[in-house]
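Lettering follows sequence order; numbering is per chain, from 1.
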Number of protein chains: 2
Amino acid sequence: MGRTTLKDIAEKAGVSVTAVSRALSGYPDIGEETRGRILRIAEELNYQPNIAARTLVTHKSGVMGLFVLGRAKGEGFSHPFSGQVINGFLDELTEDGYDMMVFKANRPPDSENSSYLDLCRRRMVEGAFLMGLRTDDPWLSDLTASAIPIVTMDMPLAGDMTFSVGCDSVSAVHAAIRHLADLGHKRIGIVNGYKEASISLERFEGYKSALTSLGLPFDPTIVAEADFTAAGGRQAFLSLIDKAPDMTAVFVSSDLMALGVLEGARERGLSVPEDLSVVGFDNIEMAAMSSPPLTTLDQPRYELGQTAARMLISACSGITPPSRVLLKANLIVRGSTAKPNKIKTGEVIEKAH
Amino acid sequence: MGRTTLKDIAEKAGVSVTAVSRALSGYPDIGEETRGRILRIAEELNYQPNIAARTLVTHKSGVMGLFVLGRAKGEGFSHPFSGQVINGFLDELTEDGYDMMVFKANRPPDSENSSYLDLCRRRMVEGAFLMGLRTDDPWLSDLTASAIPIVTMDMPLAGDMTFSVGCDSVSAVHAAIRHLADLGHKRIGIVNGYKEASISLERFEGYKSALTSLGLPFDPTIVAEADFTAAGGRQAFLSLIDKAPDMTAVFVSSDLMALGVLEGARERGLSVPEDLSVVGFDNIEMAAMSSPPLTTLDQPRYELGQTAARMLISACSGITPPSRVLLKANLIVRGSTAKPNKIKTGEVIEKAH
DNA sequence: TTACGGAGCTAAATCGATTAAGCAAAATCT
DNA sequence: AGATTTTGCTTAATCGATTTAGCTCCGTAA
């Protein structure tokens, strides 16, 4: 198992190990001629530095951690939202010479396990990006007190070394509700995510304040909560529409749930957008492919990931990034929203003539 | 930055560093009483081993590499297929105490870059799992000659240290075609993936041999090729249906492309499954949510990932796994397949009465 | 002539673990 | 009792890099 080491190069070049190390690292105190010879030999021997050795002395691993949190087997990477974020994060890291190590914490009572930060310390991870953090996470206080930079997706933490990226939910939801109101909707419901997600609170705030600023009444009977899955969205919608059949539009806190709403609407014989307008959130790939295609708020997922990476990298270089970066989510109008239809379901056929 | 080291524990416990190391590693040559004391102090000081140091001497990093290959920005993690595979892979690794490092190689002419194996060597990665490898990959011969275990998704390589996981495409496609034939279809087309994916070849073989064994003629005019995207699938289908309007069913090599086919069918005014039956492959989450929901071949993605991890782990422990493991893809019949409808598109309205 | 300074390189310590070799005391055998 | 083994621990080398301190040689200024 003869891996090439600095020593091998040093011997072949007839210089000391130090000289080789410094030549390869670009220090100016190695003569041009010697440096050339060293570089050539290194190339020849296909030298790859042993990063474990380097890490041991420099205390810098060149590794950033990614934590994909979630309880169930099916969550985590398979969520249609995460993919592009991770792509952006990894691309940006790679660009700057960092590598990425991924940790997954499911298993609800993770208390027995080591905290996220312990995992980082073992691997000398320099900074971490956490996706899917919830307000009821058992390690929240550890994270807040972290000594290494932490970037969280969506959920800001109040630590010196904690930063967050996300989209401006409030103004995004405003745009969505305004769009519905402009079309003429008066009874606009909401299918929100669970309370333990910080975005749920923000989006609810956005919903309420948008109604107020548009002069529409807020009615708690057309507010439902689901678990960010399609099945949950469907369920929540059904209970909503059964309670309030006069609802003509619904804002849904995620596209996945919105797809469930679409399904529920079909089940109740409501056609979208004629009988019901639906606005989602996220603009996942699926949103453009459903029938009807979903009007939604586009989150720039790739850029969110990139931003997280850049914040982490700059924090690691001693340049403190802003503690919270908010990107803009843009409204994409597709086929799931239209003017409210006053004709009842049973009369739709007439309309066709 | 006072991280706890073996030395700290040793001093506090009044023993040598070796004793601490051996006590923590569970060697039997440390007295019960001493071991207890050491363990307690380690706990107290929240000791986390420095894995870089350990790796340096043992030459085992406890890290497996995951390579998510793909050319475009949007590929890689965001592909609806990868998520669950990665979940299974990571869960299984974590179970066995391994961590995962992820590398991404896009940038078409990756020649300037280091090969996959160089990346592994730098990080002392013990084994690697490659997803999305193509037959025209520039590093194919390096991989085949690899000294560390490599597991590839779908595409088998002929090396001593190369293994592969995948689904038995041929028998899966047989089941799909038989299902269509049983329904009464005689003109069954195929939208396949590009040739550089080994699965495309296998699925094409399955398609041809299934037709033969069912006594149906093979007709190259109803064979099309796309790039595994929805847009590509739509495009390929359109050219197919325009050439052969009498085609009543189409087998599509991936669900994503199949969703594109559904879109294309809508555009041409064909209703699925009445005018056209569609069978996909993969059973991605979206497949159950389209309208109509897609009949497809379910790939056990999570299990594929788990299997890859187990093969890698066992290969790293010196136990050679089988060079190729094929799981079964099961046919899931949903709403996109039905008996062929002899009535032409224009007459569909009559049927409704 | 002596001293100083810079250029170019080396020696040796260090990071934090693992592990081979060995040693002292206690336990066991003869 | 004396020899031998076992138990429980220590010493010191090692992995492969980085880094600090210092050394040698040469040119130049005083």
* When you check the side-chain N and O atoms of Asp91(A) and Tyr302(A), is any donor under 3.5 Å from an acceptor? -> yes
* To do: Take Thr55(A) and Lys60(A), measure what side chain to side chain contact (heavy atoms under 4.5 Å, CB included) needs, and give me the verdict at the end.
  => CA-CA 5 Å; Thr55(A) 300; Lys60(A) 309 209 116 222; over 6 Å; no
* If only atom types and distance count, is the side chain of Ser164(B) paired as donor or acceptor with the main-chain N or O of Met155(B) below 3.5 Å? -> no
* Whole Å only: how far is the CG atom of Leu56(B) from the P atom of dT19(C)? -> 12 Å
* List the steps and the verdict of side chain to side chain contact (heavy atoms under 4.5 Å, CB included) for Ser146(A) and Tyr116(A). => CA-CA 10 Å; Ser146(A) 171; Tyr116(A) 310 136; over 6 Å; no
* Structure fact -> Bounded by its outermost nucleotides with an atom under 4.0 Å from a heavy atom of chain A, the footprint on DNA chain D reads dG16(D) to dT20(D)
* Take the C1' atoms of the five end pairs on each side of the helix from dT1(C)-dA30(D) to dT30(C)-dA1(D), derive the two axes, and give their angle rounded to 10 degrees. => 60°
* Asked: Is it true that Asp137(B) and Arg134(B) have a side-chain N and a carboxylate O under 4.0 angstrom from each other?
  -> no
* **Closest non-hydrogen atom pair between Val125(A) and Ile148(A), with its separation** => O-CD1, 3.8 Å
* To do: Taking Ser82(A) for its side chain and Ser78(A) for its backbone only, find out whether a donor-acceptor pair lies under 3.5 Å.
  => no
Enumerate all atom pairs, one protein N or O and one N or O from nucleotides 8-11 of chain C, separated by less than 3.5 Å.
unit_1	atom_1	unit_2	atom_2	d
dC9(C)	OP1	Thr34(A)	OG1	2.4
dC9(C)	OP2	Gly31(A)	N	2.5
dC9(C)	OP2	Thr34(A)	OG1	3.4
dT10(C)	OP1	Ser16(A)	N	3.3
dT10(C)	OP2	Ser16(A)	N	2.8
dT10(C)	OP2	Ser16(A)	OG	2.8
dA11(C)	N6	Thr18(A)	OG1	2.9

* To do: Kindly assign one of parallel, tilted or perpendicular to the pair Phe89(A) and Phe129(A), based on the angle between their ring planes and the thresholds 30° and 60°.
  => tilted
* To do: Return the value, rounded to whole Å, for the distance between atom CG of Asn50(A) and atom C1' of dA17(C).
  => 14 Å
* For Arg54(A) and Val57(B), take the nucleotide of DNA chain D holding the closest heavy atom to each; which residue's nucleotide lies nearer the 5' end? -> Val57(B)
* Donor-acceptor contact below 3.5 Å, side chain Thr34(B) vs main chain Ile30(B) -> no
* To do: Show your working on side chain to side chain contact (heavy atoms under 4.5 Å, CB included) between Tyr47(B) and Val20(B) and close with a plain yes or no.
  => CA-CA 11 Å; Tyr47(B) 170 73; Val20(B) 179; over 6 Å; no
